[in-house]
Peer 1: 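Input: one structure, supplied below.
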Amino acid sequence: MSRRKIVAGNWKMNLEAQAAGQLADDIIANAEKEKVSDDVELILIPPFPYLDFVGSKLKGVNIRYGAQDCSAHEEGAFTGEVSATMICSIGAKFILVGHSERRKYFNESAELLIEKMNKVLATIGTPIFCCGESIEDRKSNNHFSVVESQISDVVLELKKSDAEKIIIAYEPVWAIGTGETASPEQAQEMHAFIRDLIEKKFGKVLAKNLPILYGGSVNEKNAADLFKQDDVDGGLVGGASLKAASFIAIAKSF
Ligand code: 13P
């Protein structure tokens with residue numbers, strides 16, 4: 001059985017409107033020119049203000065799009081917030097939940113992340129749940145227990161019928177934006193560990209089908225070795241997703 005293959009580009013808080021439009025255009029043109037396999041799902045995750053116009057460029061193109069975050073609330077007097085329902089209503093189908101930058105800079109707790117997961121799952125959207133340990137956790141050999149808590153506090157709290165709809169991204173914090181990638185062995189070991197946690201709670205079939213992406217300094221040079229690992233189903237790419245040629249080279253690395 002083969003699982004979905006996914007490469008998602010998290011643009012984070014980068015690019016002004018004109019450059020964002022140009023990047024989307026270049027990615028579309030490159031994907032076509034380089035003949036990215038239809039087996040590979042490409043997802044663009046631009047900043048909120050560009051979601052709709054990037055989405056409009058993707059009509060009729062085999063690339064989907066999503067948002068970097070959503071509110072834990074459904075609607076109402078929450079100035080500045082954007083709901084999962086709003087995001088899905090414009091056609092964006094994926095929402096990152098629990099990115100380490102949101103955990104760190106916005107103090108997002110497990111309780112809040114459960115709320116966000118449930119808001120996304122109440123729509124037709126797919127949450128991409130992010131987890132990963134800090135350098136201190138890794139150095140003190142606590143990386144497995146930290147990731148286990150992140151998964152069990154949120155993902156293992158879901159109903160099975162919801163858990164089967166999600167994507168997980170393992171992003172060790174020490175590898176994000178640092179140029180230091182987890183080795184293929186380190187990624188494989190953690191992905192297999194996560195899949196095992198999922199299997200214990202939700203069973204073999206669900207665990208076997210669950211896409212688990214690796215994120216943290218993925219580029220066109222290291223992607224192939226990472227994607228070769230049994231339990232690595234693709235990448236959540238930051239910096240290298242801002243260059244169309246690099247992003248497409250990564251998509252061609254399976
Ligand atoms: P980099 O690829 O820039 O390390 O970022 C990874 C990431 O955080 C994607 O969500």
Side-chain angles (χ1 to χ4, degrees), residues 5-15 19-20 23 27 40-48 50-51 54 63-70 87 92-106 108 113 116-117 120 125-135 137-138 143 146-147 150-151 154-155 166-184 186-187 190-191 194 211-227 229 232-253:
K5 301 183 179 100
I6 300 168
V7 174
N10 174 8
W11 296 2
K12 306 192 180 183
M13 197 173 77
N14 289 299
L15 308 174
L23 178 60
I27 288 173
V40 178
E41 293 179 44
L42 290 179
I43 302 169
L44 308 187
I45 310 181
F48 276 130
Y50 313 145
L51 213 47
V54 167
I63 301 177
R64 292 183 292 170
Y65 64 114
Q68 298 173 15
D69 183 33
C70 71
I87 293 165
K93 293 283 162 17
F94 300 87
I95 301 178
L96 298 182
V97 177
H99 192 282
S100 62
E101 289 150 16
R102 299 219 50 95
R103 293 179 193 258
K104 180 172 171 199
Y105 302 125
F106 305 97
E108 295 200 350
L113 299 183
K116 292 190 177 194
M117 291 292 278
V120 183
T126 300
I128 303 179
F129 178 77
C130 305
C131 60
E133 80 284 358
S134 67
I135 189 63
D137 300 328
R138 169 91 25 192
H143 44 298
V146 166
V147 170
Q150 292 171 337
I151 296 285
V154 181
V155 177
I166 73 168
I167 295 171
I168 290 178
Y170 168 58
E171 299 202 306
V173 178
W174 48 272
I176 295 180
T178 59
E180 188 184 349
T181 321
S183 68
Q186 286 172 323
M190 187 60 87
H191 284 222
I194 293 169
I212 306 179
L213 313 182
Y214 168 79
S217 297
V218 176
N219 59 39
E220 61 266 58
K221 294 199 183 83
N222 56 33
D225 284 339
L226 288 160
F227 297 174
Q229 305 302 311
V232 177
D233 304 313
L236 179 55
V237 186
S241 75
L242 299 173
K243 288 178 233 123
S246 303
F247 186 62
I248 294 306
I250 293 167
K252 292 197 64 170
S253 300

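Note that these values count all heavy atoms, side chains included, but never hydrogens, waters or copies made by symmetry. First listed ligand is number 1; within each ligand, the first listed atom is number 1. Treat the numbers as computed from the prediction; the structure is a model and nothing was measured.
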Peer 1: Between atom CD of Q186 and atom OH of Y214, what is the distance when rounded to the nearest 0.5 Å?
Peer 2: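 So the gap between those two atoms works out to 8.0 Å.
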Peer 1: Which atom pairs, one a donor and one an acceptor, fall under 3.5 Å between side chains of residues 235-249 and the rest of the protein, sequence neighbours left out?
Peer 2:
residue : atom : partner : partner atom : Å
S241    : OG   : V237    : O            : 3.3
S241    : OG   : G238    : O            : 2.7
S246    : OG   : E220    : OE2          : 3.2

Peer 1: From the options V40, L213, D233, select the one residue that forms a side-chain contact (heavy atoms from CB on, under 4.5 Å) with I6.
Peer 2: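 For I6, the side-chain contact (heavy atoms from CB on, under 4.5 Å) check succeeds only for L213.
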Peer 1: Quick one: nearest non-hydrogen protein atom to atom 5 (O) of ligand 1, plus distance?
Peer 2: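 Scanning the protein heavy atoms, the shortest distance from atom 5 (O) of ligand 1 goes to K12 NZ, 3.2 Å.
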Peer 1: Checking side chain to side chain contact (heavy atoms under 4.5 Å, CB included) for the pair I166/M117: CA distance, chi angles, key distance, verdict?
Peer 2: CA-CA 9 Å; I166 73 168; M117 291 292 278; 4.0 Å; yes
Peer 1: Starting from atom 9 (C) of ligand 1, what is the nearest protein heavy atom, named by residue and atom, and what distance separates them?
Peer 2: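 Sorting protein heavy atoms by distance from atom 9 (C) of ligand 1 puts E171 OE2, 2.9 Å first.
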Peer 1: May I ask you to list the atoms of ligand 1 that are less than 4.0 angstrom from any heavy atom of S217?
Peer 2: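 This gives 1 (P), 2 (O), 4 (O) as the contact atoms.
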Peer 1: Number the atoms of ligand 1 from 1 as they appear, then name those within less than 4.0 Å of a heavy atom of G216, with their elements.
Peer 2: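 Answer, ordered by atom number: 4 (O), 6 (C).
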Peer 1: State which residues pass salt bridge (Lys or Arg N to Asp or Glu O under 4.0 Å) with K12; sequence neighbours excluded, sorted by chain then number.
Peer 2: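 Result, salt bridge (Lys or Arg N to Asp or Glu O under 4.0 Å) vs K12: E101.
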Peer 1: Under 4.0 Å from a heavy atom of L236: give me the atoms of ligand 1 that qualify, with their elements.
Peer 2: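 That gives atoms 9 (C), 10 (O) of ligand 1.
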Peer 1: With a heavy-atom distance limit of 4.0 Å, tell me whether N10 approaches ligand 1 through its side chain, its backbone, both, or neither.
Peer 2: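 N10 to ligand 1: side-chain contact only, backbone stays beyond 4.0 Å.
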Peer 1: Would you mind running through ligand 1 and noting each atom that sits below 4.0 Å from a heavy atom of A175?
Peer 2: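 Under 4.0 Å from A175, ligand 1 has these atoms: 4 (O).
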Peer 1: Go through the steps to decide whether W174 and E133 satisfy the test side-chain hydrogen bond (donor to acceptor under 3.5 Å, both in side chains), and finish with yes or no.
Peer 2: CA-CA 8 Å; W174 48 272; E133 80 284 358; 2.8 Å; yes
Peer 1: Among protein heavy atoms, which sits nearest to atom 3 (O) of ligand 1, and what does the distance come to when rounded to 0.1 Å?
Peer 2: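 Heavy-atom neighbour on the protein nearest atom 3 (O) of ligand 1: G239 N, 2.8 Å.
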Peer 1: Are the side chain of Y170 and the backbone of V147 linked by a donor-acceptor contact shorter than 3.5 Å?
Peer 2: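 Between the backbone of V147 and the side chain of Y170 there is no qualifying donor-acceptor contact (under 3.5 Å).
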Peer 1: Give the numbers and elements of all ligand 1 atoms closer than 4.0 Å to a heavy atom of H99.
Peer 2: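 Taking each heavy atom of H99 in turn, ligand 1 has 7 (C), 8 (O), 9 (C), 10 (O) under 4.0 Å.
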Peer 1: Using a 4.0 Å cutoff against the non-hydrogen atoms of G177, which atoms of ligand 1 qualify?
Peer 2: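 Once the distances to G177 are compared, the set is 1 (P), 3 (O), 4 (O).
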Peer 1: Taking the side chain as C-beta and beyond, is there a heavy-atom pair between I168 and I151 under 4.5 Å?
Peer 2: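 The answer is yes, as the side chains (C-beta and beyond) meet within the 4.5 Å cut-off.
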Peer 1: May I ask you to identify the nearest protein heavy atom to atom 2 (O) of ligand 1, giving residue, atom name and distance to one decimal place in Å?
Peer 2: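 So the nearest neighbour among protein heavy atoms is G238 N, 2.8 Å.
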